[in-house]
Number of protein chains: 2
Amino acid sequence: MLSHNAIQAPSTRIHPDVPVTRHTATQLVPPAFAPSQPHQVILYASNAEIYGQGERATALYQVEFGAVRVYRLLSDGRRQISAFHVAGEVFGFEADGHHHFFAEAICNSAIRIFRQPLGADIARGILPIALKALIRAQEHLLVIGRQNAAERVAAFLLDQLERQGGLPQVELAMSRTDIGDYLGLTIETVSRVFSKFREKGYIRLQGVRTVELIKPEALRALCV
Amino acid sequence: MLSHNAIQAPSTRIHPDVPVTRHTATQLVPPAFAPSQPHQVILYASNAEIYGQGERATALYQVEFGAVRVYRLLSDGRRQISAFHVAGEVFGFEADGHHHFFAEAICNSAIRIFRQPLGADIARGILPIALKALIRAQEHLLVIGRQNAAERVAAFLLDQLERQGGLPQVELAMSRTDIGDYLGLTIETVSRVFSKFREKGYIRLQGVRTVELIKPEALRALCV
DNA sequence: GAAGAAATTCGGTTATATCCTAAGGGAAAC
DNA sequence: GTTTCCCTTAGGATATAACCGAATTTCTTC
């Protein structure tokens, strides 16, 4: 009964059991470039579900463009986003053939889906990606387990900066609610920290979704 | 400046650069059962460091007996334990050849060390283990990101119960400080929740490290 | 461009967990 | 058996972020 931004349920879910119609999306690209490795790119509308907790996990996913949130829910609607994924990143790993999380498109997104079973050579290629995801998750544990609100938001902004190649102009694909649910904070707290950083001259806000990091070193000093 | 249980540094570290002498341990078992796959079992004393953040990662580790904590530190000493490992479990995965975390023996422990490079077949065997670790970490994010103190401790106790095969008598290898740093709480809060669970009849404490889960279903109802 | 809806920001109050201090208990050392 | 030290428990004050309500801004839709 602590933290919130309560959310009823995966909202845009339509047909949980039928992958083909599970999304409000249209096919974009011919399904396969090689017969032996059938994979297709599917468009997902904003907030469309890509997969849901409990479903059988039969594929891997790669973001072509757009952004994805992977999250888990408590029964009362509390949500924890464990990761965001942007263009190029692979997600959807599962250990036992079932999804333990939900995945949704944050904005209109194209997702490439790999359905072939994992041979040894493919496993070798996937392992480093999975290990990187593991390290990211464990580092995120430090952020939400031991850092205060300002430190968490600073870490988040720096992470976004890094992912967008270092240009100080950072485009946020996600809402304040998403950021809060990623950082284990409420939207009010996230908003307050943004305002505080603005007042201190660390960032400049051009619209709600565009953040210019003026003093990244100040943010970096915060969360070391 | 929020949460604590501050710890200066990996305390028992002796020779950071010399793996063989890095621990206060003695060799236990002949180094290899197969010449092509040299691996050895090393004894670590309680609180001895197994590896440290920044060191080159050249091996995988498996707990023979005892228990291990894997953690990360902030510069002011705040610590987040990302995982505990008990007999049979494998840890020490790294993505880029360097350790991003510290690993220490919680109690006197024996660790089997695998040094051979990862071939495709081995990668395939390791992948499911890494994926399981990834899911654990992401599920733990939900616990410390969105659950309150009582829910966190309940989740921890149930996790320990499951790991020890379901016998209601749970032996805790770790101190209250370790539990706090795993759950993102202070030791006072952990202790208070233990007391509250005892008063409610959920658990019985036989000594500090032995917890009998009398009503696991009550704990389960707490953290769903 | 106007109206409506949604998302974000702001202000004030409250609750939870930290912080600080101190007492109690067990294990190890003498 | 006694002492010492460390871990744990306990109590009370404080602070941080949640909670609640509302104003403002932004985005959609017409």
Side-chain angles (χ1 to χ4, degrees), chain A residues 1-7 11-12 45-47 74 76-80 106-108 143-154 171-199 203 205-211 222, chain B residues 1-7 11-12 45-47 74 76-80 106-108 143-153 172-199 203 205-211 222:
Chain A
M1 325 296 155
L2 235 200
S3 41
H4 280 105
N5 309 349
I7 288 179
S11 50
T12 49
S46 187
N47 297 315
L74 290 171
D76 63 357
R78 281 175 287 175
R79 183 178 71 159
Q80 178 65 43
I106 294 176
C107 50
N108 293 342
V143 173
I144 68 176
R146 287 301 177 196
Q147 297 198 273
N148 64 28
E151 291 167 339
R152 293 184 207 192
V153 174
E171 282 295 323
L172 299 178
M174 65 293 290
S175 68
R176 296 288 188 271
T177 301
D178 283 340
I179 297 173
D181 284 348
Y182 177 66
L183 296 176
L185 300 170
T186 58
I187 54 174
E188 297 97 321
T189 301
V190 172
S191 178
R192 261 183 261 271
V193 174
F194 269 90
S195 298
K196 203 184 77 175
F197 285 171
R198 180 171 39 76
E199 290 161 12
I203 64 174
L205 287 166
Q206 296 157 351
V208 184
R209 297 287 182 100
T210 305
V211 185
L222 252 183
Chain B
M1 324 298 151
L2 235 199
S3 42
H4 280 107
N5 309 347
I7 287 179
S11 50
T12 48
S46 187
N47 297 315
L74 291 171
D76 62 357
R78 281 176 287 175
R79 183 179 70 158
Q80 177 66 42
I106 293 176
C107 51
N108 293 342
V143 174
I144 67 176
R146 286 302 180 196
Q147 298 198 273
N148 63 28
E151 291 167 340
R152 294 185 206 192
V153 174
L172 299 178
M174 66 293 290
S175 68
R176 297 288 188 272
T177 301
D178 283 341
I179 298 173
D181 284 348
Y182 177 66
L183 297 176
L185 300 171
T186 58
I187 53 174
E188 297 98 318
T189 301
V190 173
S191 178
R192 263 184 260 271
V193 174
F194 269 89
S195 298
K196 202 184 79 176
F197 285 170
R198 180 171 39 75
E199 290 161 11
I203 64 173
L205 287 166
Q206 296 157 352
V208 184
R209 298 287 182 101
T210 306
V211 185
L222 253 182

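Because the structure is predicted, anything quoted here is derived from the model rather than measured. Quick note: numbers below take in every heavy atom, side chains included, and nothing from hydrogens, waters or symmetry partners. Note on naming: letters A, B, ... go to the chains in the order of the sequence lines (proteins, then strands), and numbering restarts at 1 for each one.
Expressed to the nearest 0.5 Å, how far CD1 of B/Ile179 lies from CZ of B/Phe194 amounts to 4.5 Å. Atom CG of B/Asp181 is separated from atom OG of B/Ser175 by 8.0 Å, given to the nearest 0.5 angstrom. Rounding to the nearest 0.5 Å gives a distance of 9.0 Å between CG of B/Asn148 and CG of B/Leu185. Of the inter-residue distances, the one linking B/Ile144 atom CD1 with A/Arg146 atom CZ reads 8.5 Å to the nearest 0.5 angstrom.
A search for side-chain hydrogen bond (donor to acceptor under 3.5 Å, both in side chains) contacts involving B/Gln206 returns B/Gln169, B/Glu212, not counting sequence neighbours.
When rounded to the nearest whole Å, the span between CG of B/Asp178 and P of D/dT8 equals 9 Å. Rounded to an integer number of Å, the gap from CG of B/Leu185 to P of D/dT8 is 15 Å. Atom-to-atom, CD of B/Gln206 to P of D/dT8 comes out at 17 Å; the value is rounded to the nearest Å. Computed from coordinates, the B/Glu151 CD to C/dA15 C1' distance equals 15 Å when rounded to whole Å. Atom pair A/Gln147:CD and D/dA17:C1' shows a separation of 16 Å (rounding to whole Å applied). The distance between atom CD1 of B/Ile144 and atom P of D/dA17, rounded to the nearest whole Å, is 15 Å. Following rounding to the nearest Å, A/Leu172 (CG) and D/dT26 (C1') show an atom-to-atom distance of 15 Å. When the P atom of C/dT18 is taken as reference, atom CZ of B/Arg78 falls 12 Å away, rounded to whole Å.
With A/Arg152 as reference, A/Val143 is the one residue of A/Val190, A/Val143, A/Leu222 to meet the side chain to side chain contact (heavy atoms under 4.5 Å, CB included) rule.
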Could I get a table of every N or O pair under 3.5 Å where one atom is in the protein and the other is in nucleotides 8-14 of chain C?
unit_1 : atom_1 : unit_2   : atom_2 : d
C/dT8  : OP1    : A/Arg176 : N      : 3.3
C/dT8  : OP2    : A/Arg176 : N      : 3.4
C/dT9  : OP1    : A/Arg176 : NH2    : 3.1
C/dT9  : OP2    : A/Arg176 : NE     : 2.8
C/dT9  : OP2    : A/Ser191 : OG     : 2.9
C/dT9  : O5'    : A/Ser191 : OG     : 3.0
C/dC10 : OP2    : A/Ser195 : OG     : 2.4
C/dG11 : N7     : A/Arg192 : NH1    : 3.2
C/dG12 : O6     : A/Arg192 : NH2    : 3.3

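Contact between the side-chain N/O atoms of A/Thr189 and the OP1/OP2 oxygens of D/dA18 is found at a separation under 4.0 Å.
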